[in-house]
2 protein chains.
Amino acid sequence: MANPRYRQIAEVLREQIESGALQPGRQLRTEIELRERYGASRNTIRDAIKWLTTLGLVETKPGQGTFVVQKIDPFVTTLTAGPERPGGAAVVIPGQDGYGEIDRSQPVQPRKLTYTSPQIEIQKADRIVAGQLQLAEGSQVISRHQRRYIDGTPWSLQTSFYPRAFAVTGADRLVDADDIREGTVQYLADTLGLRQVGYRNWIKVRPPDVTEASFFGLPQDGRVGVFEILETAFDQTATPMRLTVTIFPTDRNQFIVNAGEVPADQFIREDLT
Amino acid sequence: MANPRYRQIAEVLREQIESGALQPGRQLRTEIELRERYGASRNTIRDAIKWLTTLGLVETKPGQGTFVVQKIDPFVTTLTAGPERPGGAAVVIPGQDGYGEIDRSQPVQPRKLTYTSPQIEIQKADRIVAGQLQLAEGSQVISRHQRRYIDGTPWSLQTSFYPRAFAVTGADRLVDADDIREGTVQYLADTLGLRQVGYRNWIKVRPPDVTEASFFGLPQDGRVGVFEILETAFDQTATPMRLTVTIFPTDRNQFIVNAGEVPADQFIREDLT
DNA sequence: GGGTATTTGTCCGTATGTATT
DNA sequence: AAATACATACGGACAAATACC
């Protein structure tokens with residue numbers, strides 16, 4: 001069985017999709033119809049469709065049918081936007097699939113960033129947090145967690161960690177469940193004299209956990225991964241002052257990293273932080 | 001059927017794996033044994049195992065059995081290492097899962113980067129290449145493609161594009177199927193006076209195509225994605241001089257991006273470019 | 001190299017449950 | 001309430017890959 005039946009059928013359907021004969025959003029024939037058309041059992045048809053779903057080409061909806069997936073207009077975030085930039089993402093430009101096929105005929109819609117008010121916890125630092133903040137494992141840290149949306153659609157989950165000491169030596173608003181409107185970078189400079197002079201981003205991709213999959217509306221089967229970005233910020237004494245962990249789904253996010261002298265990106269519209 | 005049978009069975013197995021009762025690399029019971037143990041049909045057992053596969057917890061090998069996956073010691077690449085840095089990755093530090101659990105008791109093994117000699121083609125620029133190099137679509141470009149390995153295991157696929165004109169105005173070694181030992185950055189500076197003053201990386205994640213899956217040994221079902229990194233390099237006149245597209249599997253690669261002043265990473269061992 | 005046992009992969013048919021329209 | 005479409009579950013048969021003697 002060099003090429004199993006279900007793969008052959010999937011291949012035919014794949015070509016129809018990629019050739020454009022089946023437009024994104026369009027419904028496929030039902031499993032029963034496909035069974036008759038290809039003379040295979042319904043289970044084999046289902047294997048073919050299941051294969052296409054793992055390839056990310058179609059999605060099935062109980063009671064409705066099977067549909068060609070819509071490509072998502074991606075969010076593009078610049079990770080290098082000056083050392084004083086607040087944690088997390090800096091600039092978001094409208095998607096356009098990242099390949100410069102910008103439609104300049106009509107003005108680009110600015111996107112609207114919203115977020116929940118921070119959820120504050122005092123936690124014991126686990127190995128990861130402790131390692132990045134150069135604290136002893138088990139030290140107390142302040143955790144500030146937010147869910148962030150762009151134009152109402154879930155965009156990212158962000159958690160920032162600070163040494164617990166910060167809140168008892170002058171920066172007590174870190175433990176308030178309110179936004180720090182001037183930005184935590186500015187606030188820590190004002191209260192503790194900590195200037196953020198640089199940061200390091202550590203980028204990895206992994207399958208989402210249950211919370212993440214449900215927040216982002218990802219398929220439960222872990223087919224779509226998430227970026228996990230650890231941003232460690234350093235003060236003027238080269239000591240880590242903050243760790244921010246941000247989660248982005250890979251299916252709707254891209255990142256830009258600039259080094260040296262790079263011409264400004266024409267499409268950048270708005271600083272959303 | 002709030003919680004289908006196969007998910008319940010998968011859940012039990014998942015707990016055994018994550019609790020450590022089933023060590024990585026260990027073999028699970030055979031489908032027949034599991035069928036008897038859980039009183040389900042073999043197909044239901046198979047559904048449970050398939051679920052664990054999409055979660056990335058186990059892998060099946062025909063004729064052998066089902067095994068708990070081994071975590072791969074990741075490669076970590078720094079994307080920001082000075083404007084003159086040659087295309088692609090700059091520095092690779094040994095894995096340690098990226099969370100600072102470095103074992104300092106024994107010296108870290110330096111890793112060995114090898115690569116195939118470049119495969120040269122003259123191509124017409126597609127929309128993507130033309131857009132990044134600011135050429136007309138269909139212009140001729142030089143394509144230099146390499147497969148790269150670390151310690152013998154497939155690490156990345158890299159293709160660099162240059163305007164065809166470069167090879168007829170002095171940089172003719174660009175079309176030789178030989179390494180340019182001093183590096184193409186240096187070579188283009190020497191021959192054409194083009195100084196690389198900066199570059200922009202565009203990072204996205206997508207499912208691998210067939211070529212990539214087979215080169216990296218990824219499962220054919222697209223469960224493991226690949227990073228696609230477009231690096232556009234600019235010369236002293238802010239004109240794009242090179243586009244390098246590099247593909248890395250997400251299951252064994254992580255990236256670091258530095259901005260501003262960041263303390264040197266203690267674990268960095270070797271510049272592999 | 002060949003043969004055999006073991007294990008997963010493919011394919012079929014059927015029945016019933018659940019979600020949506 | 002009824003019809004439609006996908007989801008789950010069972011049981012059976014044979015194929016293909018691997019390991020071992």
Side-chain angles (χ1 to χ4, degrees), chain A residues 1-14 17 22 25-69 213-214 217-223, chain B residues 1-14 17 22 25-69 213-214 217-223:
Chain A
M1 221 174 289
N3 232 358
R5 192 75 178 288
Y6 77 97
R7 293 278 282 272
Q8 295 176 16
I9 296 171
E11 193 56 24
V12 174
L13 294 171
R14 194 180 65 76
I17 292 169
L22 283 168
R26 276 278 305 280
Q27 183 171 2
L28 270 68
R29 299 187 145 71
T30 68
E31 294 174 351
I32 305 295
E33 289 171 331
L34 291 172
R35 185 191 66 185
E36 287 155 7
R37 162 170 299 233
Y38 293 102
S41 82
R42 191 182 151 223
N43 278 327
T44 301
I45 297 293
R46 281 181 60 75
D47 283 344
I49 290 175
K50 189 172 297 178
W51 181 256
L52 293 176
T53 54
T54 71
L55 294 181
L57 291 174
V58 304
E59 56 187 347
T60 60
K61 301 179 184 176
Q64 301 182 56
T66 304
F67 301 84
V68 181
V69 293
S214 114
L218 303 178
Q220 285 289 327
D221 60 11
R223 217 178 48 248
Chain B
M1 222 175 289
N3 231 358
R5 193 74 182 289
Y6 76 96
R7 293 278 282 274
Q8 296 177 18
I9 296 171
E11 194 55 25
V12 174
L13 294 171
R14 194 180 65 76
I17 291 170
L22 284 167
R26 275 279 305 277
Q27 183 171 3
L28 270 69
R29 300 187 143 69
T30 69
E31 294 174 352
I32 306 295
E33 288 171 332
L34 291 172
R35 184 191 67 184
E36 287 156 6
R37 163 170 298 233
Y38 292 102
S41 81
R42 187 182 155 221
N43 278 326
T44 301
I45 297 295
R46 282 181 60 76
D47 282 345
I49 289 175
K50 191 173 294 179
W51 182 256
L52 294 175
T53 317
T54 71
L55 294 182
L57 291 174
V58 304
E59 58 187 345
T60 59
K61 301 181 185 176
Q64 300 183 55
T66 305
F67 301 84
V68 182
V69 293
S214 117
L218 303 178
Q220 286 289 327
D221 60 11
R223 217 178 50 247

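Shown here is B/R14, whose CZ atom has more than 12 heavy atoms of other residues, nucleotides or ligands within 6.0 Å. Counting heavy-atom neighbours within 6.0 Å of B/R7 CZ, excluding the residue itself, gives a total above 12.
If B/N43 and B/E33 are placed on DNA chain C by their nearest nucleotide, the residue sitting closer to the 5' end is B/E33. Residue order along DNA chain C, read from the 5' end via each residue's closest nucleotide, puts A/D47 first among A/G63 and A/D47. Taking the nucleotide of DNA chain D with the nearest heavy atom to each of B/K61 and B/S41, the more 5' of the two is matched to B/S41.
Comparing C/dC11, D/dT8, C/dT8 by their closest approach to the side chain of B/Y6 singles out D/dT8. Checked against C/dC11, C/dT8, D/dT8, the side chain of A/R5 finds its nearest nucleotide in C/dC11.
Contact check, B/T66 against C/dT8: a side-chain N or O comes under 4.0 Å of OP1 or OP2. Applying the 4.0 Å criterion to OP1 and OP2 of C/dT10, one finds that A/T44 has every side-chain N and O outside that range. The phosphate of D/dA19 (OP1 or OP2) has a side-chain N or O of B/Q64 nearer than 4.0 angstrom. At the phosphate of C/dG9, OP1 or OP2 sits under 4.0 Å from a side-chain N or O atom of B/T60.
The separation between B/Y38 atom OH and D/dA9 atom C1' is 18 Å, rounded to whole Å. Taking atom CZ of residue B/F67 and atom C1' of nucleotide D/dA17, one finds them 12 Å apart after rounding to whole Å. The interatomic distance linking B/E36 (CD) with D/dG11 (P) rounds to 12 Å, in whole Å. Between the CD1 atom of B/I49 and the C1' atom of C/dT7 there is a distance of 11 Å, rounded to whole Å. When rounded to the nearest whole Å, the span between CZ of A/R29 and C1' of D/dC6 equals 18 Å. Following rounding to the nearest Å, A/I45 (CD1) and C/dT10 (P) show an atom-to-atom distance of 15 Å. Look at CZ on B/R35: it is 14 Å from P on C/dT6, rounded to the nearest Å. Residue B/I32 contributes atom CD1, which lies 12 Å from atom P of D/dG11 at whole-angstrom precision.
Counting only heavy atoms from C-beta outward, the side chains of B/L34 and B/I49 approach each other to under 4.5 Å. Using a 4.5 Å cut-off on side-chain heavy atoms (C-beta onward), B/I32 and B/R42 make contact.
Here C/dT18 sits opposite D/dA5 as a Watson-Crick or G-U wobble pair (both hydrogen-bonding atom distances under 3.5 Å).
A donor-acceptor pair under 3.5 Å links the side-chain atoms of B/Q27 to the main chain of B/Q64, judged by distance alone.
One N or O donor and one acceptor, one from the side chain of B/R42 and one from the base of C/dG9, sit under 3.5 Å apart.
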